[in-house]
Structure formats: C-alpha cells, structure tokens
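Throughout, protein chains are lettered first and strands after them, A, B, ... in sequence-line order, and every chain is numbered starting at 1. These values consider heavy atoms only, across backbone and side chains, with no hydrogens, waters or symmetry-generated copies. Keep in mind that this is a model prediction, so the values were computed, not measured.
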Amino acid sequence: MSTQKPGIPKGTRDFGPVETARRNLIFISISNVFEKYGYVRIETPSMEYLDTLLGKYGEEGDKLLYKILNSGDFLSGLDQKELSSGDSNSISLRIAEKGLRYDLTVPFARYVVQHQHEIVFPFKRYQIQPVWRADRPQKGRYREFCQCDADVIGSDSLFNELELIRITDEVFERLGIKVKIKLNNRKILAGFAEYIGYPERLTDITTALDKFEKAGVENVKLELQEKGIKNEAIQELERILFLQEEEKLMKPDRLKTLLRDTRTGLLGIEELTTLLEYCGQLRLRASLEFDLTLARGLNYYTGAIIEVTSADVEIGSLCAGGRYDDLTGIFGLKNVSGVGISFGAERIYDVMLQLNLFPKEIPGSSKVIFVNFGEKEAIHCIGLLEKLRDAGIAAELYPDPAKLKKQLAYADARNVPFVALVGGDEIRQSVITLRNMSTGTQEVFTIDKLKEYLIHNA
RNA sequence: GUGGUCGUAGCUCAGUGGGUUAGAGCGCCAGAUUGUGGCUCUGGAGGUCGCCGGUUCGAGUCCGGUCUUCCACCCCA
C-alpha cells in the first residue's frame, strides 16, 4: 500500500492549540461586545441553496461561490447535447443545487424572511461562523475564513449605524489594534453617477473610484475610459475627487453644492452629516474619516458604507459593512431595511500576531501531572485525581509506566507547573510528593493540603 | 481568470561550472544518570531531492510539462 501525502486545500489552515486559544480570544472579545449592545447569537447552515446565494454579490461574487455536487446520479437529468456543449457554467447549475455560504449577511436575510413570524423587529443578531470563497489565496486572503457579523434588521434609524460604529471602536480597543474607520454613503456615489450623466453605471464608476488611493487618479481615469465613460464626465468626476482631501474634515458643504441637482446624492449627504453629528456624541478611540472614494463591491449596499483598516499593518480591511435596504425583498419580505458590519477574524489574527498583541501564556494544560510508577501506584492515584478534579484543579495521570525521566520531560514540554510523585513510600504514608517544575524543589503534602496549595498557587 | 515565485530530513535551510556515499541547526529516540525535567556530552533513526518525462557516460543541479507554496492583479474580511 502506498502512503498518501497529507495536505489541506489551498487557502485553508490548521489551527493548533496555541492558534486556537488566540482565535478564541478574538471571538470572545467580539461576542462580549456584541452582547453588551443587546445582540443575540444565531447560526445558519454552512450550505445554502444556490438560488439563495447567486446574484447577490455581483458577477465576480458568483464565480467565487463553492458549489456542492448533487448526491446520487447527478448527471441523469442532462442530455448528451448539454454535456458536449462544454458550457461548464450552465452545466454546473444543473448538477449542483447547493453551495457553501459566501458571507453571513445573505443567509441572514434568508433567515429573517423564513422566520419573520417568530422574530421581534428590530432584530439585532450576531453570528460567528466560517465562510468560503473560491478565490486565489494570497496575503490576508483565505478560501475559508471566519466572519463575525452584527446586524440590525427592521429599522431605518441612523442610530443603528451609530451603534455599529460604537461597537467597532470598542472591539478594536479591546483587542489593542489601532484602526481607521472610513465612512461613505452609497447614495452619494449614486449622486456622482447621476451628476456626470451615467446613473446606470454606478457599479463601474464606484469600483474605479475605489482604486483611487491605491492606483492614483490617472489609472482611475484610464479604467473609466476603457469602460466607455465620456471624457467630459470623467473630468467632472475628477473635480469631485479633488474634494477628497478637504472632505476628510467632515464638512461636506462643497459636495452639497456640487450635487444639488441629484436627489439621491443630497439624501446621502444628509444621512452622512446626521450620522457624523451623532458620532460627535461618542468618544471614539479610532480615527473617523469620510472617504468619498470608498465604494465596497457588494451589490446590496444602498446607504451608509463603512470600512475599517489597521493603522499599522497593510492587509486590507479588517471589518466592513453597510446598510442594505432591500436584501429581504428578493425573498418576499418588502420594505425591511437592515444594516450590519462584519469582522474578519483571520485578518485580525494576522494583524495581532504581527503587532505582538497576543498574551504569552501557553493555553490550558493541566496544573499537575501524576507520575505513573506502575499499575498499582497508578490505581492509587486515580482516587487522588478525583479529589483534585472535584476541587476544580486540572490534573492528569501519565498513562504509561515510562521512565521517570521521560515523564518529567513530558510535563516540562507541556508547561505543566507541578508533578506529583506517588510511589510505594508515599502510598504507605498517605502523602504526595509535589515537585515544582520551575524551581525544582519538592514538598510533601496530604491530599487535603495539596488541594489547598494548588488552589492558591495559580 | 492573468502574471510572477517557491519546492532538498518532522521543522528552518545549505548544497560550488552537472561528478563517487546529499549535509547543518533545531526536533525525535537511546545512553552517560535503574525515583528526578531544563544545561552538557556520546551515539542513533529519519530523504523515491514535489511529480512525470527529456538531455547526458553521469542530474538535487540543465531543459519541458504538471502539481504545490507564496506574492501581485481582478475582487475581497
């Protein structure tokens, strides 16, 4: 038999004890904050019907969906003509009806509609689960990663946006990461598109604008040209871009004059100024910026959009979100608006690792290991272990009667602070010899004294 | 999907213009020390040099293909 090489799919990772403990720290911090603001936790299945997922993330997003092959004879419904057509895209939809979730927002919208009669609105839920994207992995990008989402659905109020900004700030404060919160509003972007005469090209225009910071004005203009936007229109847009620097000051007055003839644009500015006014009531640690080039690719956003980046590490956004006015409409529930944010656990992990923000402790091993001197002695130790564990002390017995040297080395390697030695002498005298692994000193205890000693020596 | 990059022991990596038996550090196992870990010393195990093919008397080394890793673009947490 030939042995197979172990390995995991590209873009996925194993998490050892140390990594798991650290990730848990992130999850616990985030969920504690979410709960502090009244959000309740739900979970949804890893897989959804492709109908639910498709068409919600744009054309690119659809390509990045993992599809699950139907069970049984999945080719039976296809005729030879279709099979030989070579159109893998349409064939894939015939042989796969389920897919892995791409984010937590769309499954949540589905959940809300499906359970609308059990839900009390406004519904504030959070969700911490992995999502999958068939992307090509690179720095800060994985094919399987965990998102931590908080959403409010069933309320138009901008106080929800405010609350999410408050939450974001608190999460990163707890984790010790300095961040920049960037804000914009999809309605303002729609105003741009209308202003330059291309209201229907919103997506093209916003994705080009999104590259402003990274690629520069010239590249943005080039891309828009390639997409067939007229030069005069591009120049108009450029004028808006020059406002970027002063708009960071959070006084979108000039913008208001510029967009005075576009209704949605004005509405967006109105929303943004109100939100910024509310934010003035908060004492945020993060820096808050109005960034009119912030676009966000996801199709379903209609109002506020928010993106959070690390002030110290370049790794893309750590957290992003926005308002979606009609995500539930596709599933048959009209006029329900929602707003939410999503924290990317993987990137937060990577940033914290790079900035050395994790505590040094090695995670949860036993406080004491009992040496195994042989079957008779080991059986005696079982009773002692019961008493320690009843007192809440993590304790274990080395399973094999190995050489003492090996058992001590094992305790050492696992960072167990104490080793209990119970051989023939100890059993006769009803005592336990306890070795302190950091000092190398040994003391003799009765079981009751030992219990007390271990409780008080953390 | 496009472009580049990497692959040698469990891990991190050396390996000359192709040349006999492919190395180091760390880790692992054993002994020095039969109930005492970390430090030290001694010895040992462990490799189809990613895979397939080609050039050559001879390939870890050169060429082609393929897979994998990482990075950039697109897009995104």
Side-chain angles (χ1 to χ4, degrees), chain A residues 2-3 5-13 16 26 30 57-65 88-89 101-105 128-149 168 179 203 206-208 210-211 214-215 219 223 226 294-299 306-310 314-322 340-351 369 371-374 377 398 401-426 433-442:
Chain A
S2 71
T3 56
K5 226 178 183 174
I8 55 175
K10 189 193 291 211
T12 65
R13 301 191 288 182
I26 295 174
I30 291 177
Y57 309 108
E59 220 175 295
E60 287 296 320
D62 284 356
K63 282 187 206 156
L64 300 179
L65 282 173
S88 49
N89 214 8
R101 70 164 102 78
Y102 177 93
D103 72 356
L104 300 177
T105 309
I128 298 178
Q129 288 191 277
V131 303
W132 295 268
R133 296 182 186 179
D135 217 349
R136 195 169 282 210
Q138 55 183 281
K139 189 175 168 190
R141 173 161 320 180
Y142 304 93
R143 283 181 162 171
E144 177 184 61
F145 62 97
C146 204
Q147 289 193 325
C148 314
D149 276 34
T168 302
V179 293
T203 316
T206 52
T207 51
D210 202 27
K211 284 165 203 154
K214 219 172 174 180
N219 285 314
E223 181 169 337
E226 277 167 16
L294 176 62
R296 312 276 325 127
L298 292 178
N299 269 352
I306 176 172
E307 188 170 285
V308 181
T309 51
S310 159
E314 284 215 15
I315 197 169
S317 55
L318 302 179
C319 172
I341 42 163
S342 178
F343 294 79
E346 266 59 36
R347 287 187 182 172
I348 291 173
Y349 179 94
D350 289 349
V351 167
I369 288 185
V371 168
N372 187 330
F373 283 112
E377 292 87 344
Y398 192 89
K403 284 183 181 166
L404 182 58
K405 177 186 164 67
K406 187 172 179 175
Q407 300 191 43
L408 285 171
Y410 176 78
D412 189 44
R414 284 190 51 195
N415 267 294
V416 174
F418 298 101
V419 169
L421 298 114
V422 186
D425 291 347
E426 282 89 353
T433 301
L434 188 75
R435 180 176 181 81
N436 181 321
M437 291 301 280
S438 53
T439 61
T441 54
Q442 294 185 181

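Looking at heavy-atom distances under 4.0 Å, Glu377(A) makes no contact with the nucleic acid at all. Nucleic acid contact for Lys403(A): sugar-phosphate only, since backbone atoms but no base atoms lie under 4.0 Å from a heavy atom of the residue. Base contact: Gly423(A) has a heavy atom under 4.0 Å from a base atom. The residue Leu421(A) sits close to a base: some heavy atom pair falls under 4.0 Å. As judged by a 4.0 angstrom heavy-atom cut-off over every strand, Gly61(A) is placed among residues making no nucleic acid contact. In this structure, Gly321(A) reaches neither bases nor backbone, as no heavy-atom distance under 4.0 Å exists between it and the strands shown. At a threshold of 4.0 angstrom between heavy atoms, the contacts of Gln147(A) are confined to the sugar-phosphate backbone, with no base atom among them. In this structure, Ala411(A) reaches neither bases nor backbone, as no heavy-atom distance under 4.0 Å exists between it and the strands shown. At the heavy-atom level, Cys319(A) lies under 4.0 Å from the strands shown only through sugar-phosphate atoms.
G35(B) and A22(B) are spaced 41 Å apart, taking the P atom of each and rounding to whole Å. Nucleotides A9(B) and G46(B) have their P atoms positioned 15 Å apart, rounded to a whole Å. Nucleotides G19(B) and C62(B), compared at atom C1', are 14 Å apart to the nearest Å. Spacing of P atoms, A24(B) relative to U42(B), comes out at 14 Å, to the nearest Å. Nucleotides C11(B) and C28(B) place their P atoms 15 Å apart, quoted to the nearest Å. To the nearest whole angstrom, the two C1' atoms, one in G31(B) and one in A45(B), are 15 Å apart. On the P atoms, U69(B) is 14 Å away from G1(B), given to the nearest whole Å. Look at the C1' atom in both G60(B) and U20(B): the space between them is 15 Å, to the nearest Å.
Counting heavy atoms from C-beta outward, Met437(A) and Val416(A) have side chains that stay 4.5 Å or more apart. The side-chain heavy atoms of Cys319(A) and Phe343(A), taken from C-beta on, include a pair separated by under 4.5 Å.
Using a 30° and 60° split on the angle between ring planes, Tyr410(A) and Tyr398(A) fall in the perpendicular class, above 60°.
If Phe145(A) and Thr439(A) are placed on RNA chain B by their nearest nucleotide, the residue sitting closer to the 5' end is Thr439(A). Nucleotides of RNA chain B nearest to Ser317(A) and Thr441(A) differ in position, and the one nearer the 5' end is that of Thr441(A).
In summary, the side chains of Glu426(A) and Thr433(A) do present a donor paired with an acceptor at a separation below 3.5 Å, with no hydrogens or angles considered.
Put simply, the side chain of Asn372(A) gets close to the backbone of Gly374(A): a donor and an acceptor are under 3.5 Å apart. Side-chain atoms of Arg347(A) come within 3.5 Å of backbone atoms of Gly140(A) as a donor-acceptor pair (strictly under, hydrogens ignored). Of the possible donor and acceptor atoms, one in the side chain of Arg133(A) sits under 3.5 Å from a partner among the backbone N and O of Tyr102(A).
For Arg347(A), the side-chain atoms get nearest to C76(B) when compared with the rest of C76(B), U69(B), C71(B). Side-chain proximity of Lys406(A) to the nucleotides A77(B), C29(B), G35(B) is greatest for C29(B). Nearest to the side chain of Gln442(A), among U36(B), C74(B), C75(B), sits U36(B). Considering only the side chain of Lys405(A), G37(B) comes nearest among A72(B), G37(B), G35(B). With A72(B), A77(B), G35(B) as the candidates, the nucleotide lying closest to the side chain of Arg133(A) is A77(B). For Leu408(A), counting side-chain heavy atoms from C-beta on, the closest listed nucleotide (A77(B), C74(B), G37(B)) is G37(B). The nucleotide whose nearest atom lies closest to any side-chain atom of Thr207(A) is, among U2(B), G37(B), C75(B), C75(B).
Residue Arg136(A) contributes atom CZ, which lies 7 Å from atom P of U2(B) at whole-angstrom precision. Atom CD of Gln407(A) is separated from atom P of G38(B) by 15 Å (rounded to the nearest Å). Between the CG atom of Asn436(A) and the C1' atom of G37(B) there is a distance of 12 Å, given to the nearest Å. Remark: P of G38(B) and CZ of Arg435(A) are 10 Å apart, rounded to the nearest angstrom. The separation between Tyr398(A) atom OH and G37(B) atom P is 15 Å, rounded to whole Å. Whole-Å rounding puts the Leu404(A) CG to U33(B) C1' distance at 11 Å. Distance Trp132(A) CH2 to A77(B) P: 16 Å, rounded to the nearest Å. Taking atom OH on Tyr142(A) and atom P on U69(B), their separation rounds to 13 Å, with Å as the unit.
Close to C71(B), at under 4.0 Å from its OP1 or OP2, lies no side-chain N or O of Gln138(A). Residue Lys10(A) has no polar side-chain atom (N or O) positioned under 4.0 Å from OP1 or OP2 of C67(B).
Ion pair Arg13(A)/Asp350(A) flagged as a salt bridge, since at least one NZ, NE, NH1 or NH2 atom sits closer than 4.0 Å to an Asp/Glu carboxylate oxygen.
Base pairing of G44(B): its partner is C28(B), meeting the Watson-Crick or G-U wobble criterion (both donor-acceptor distances under 3.5 Å). Partner assigned to U56(B) is none, using Watson-Crick or G-U wobble distances below 3.5 angstrom.
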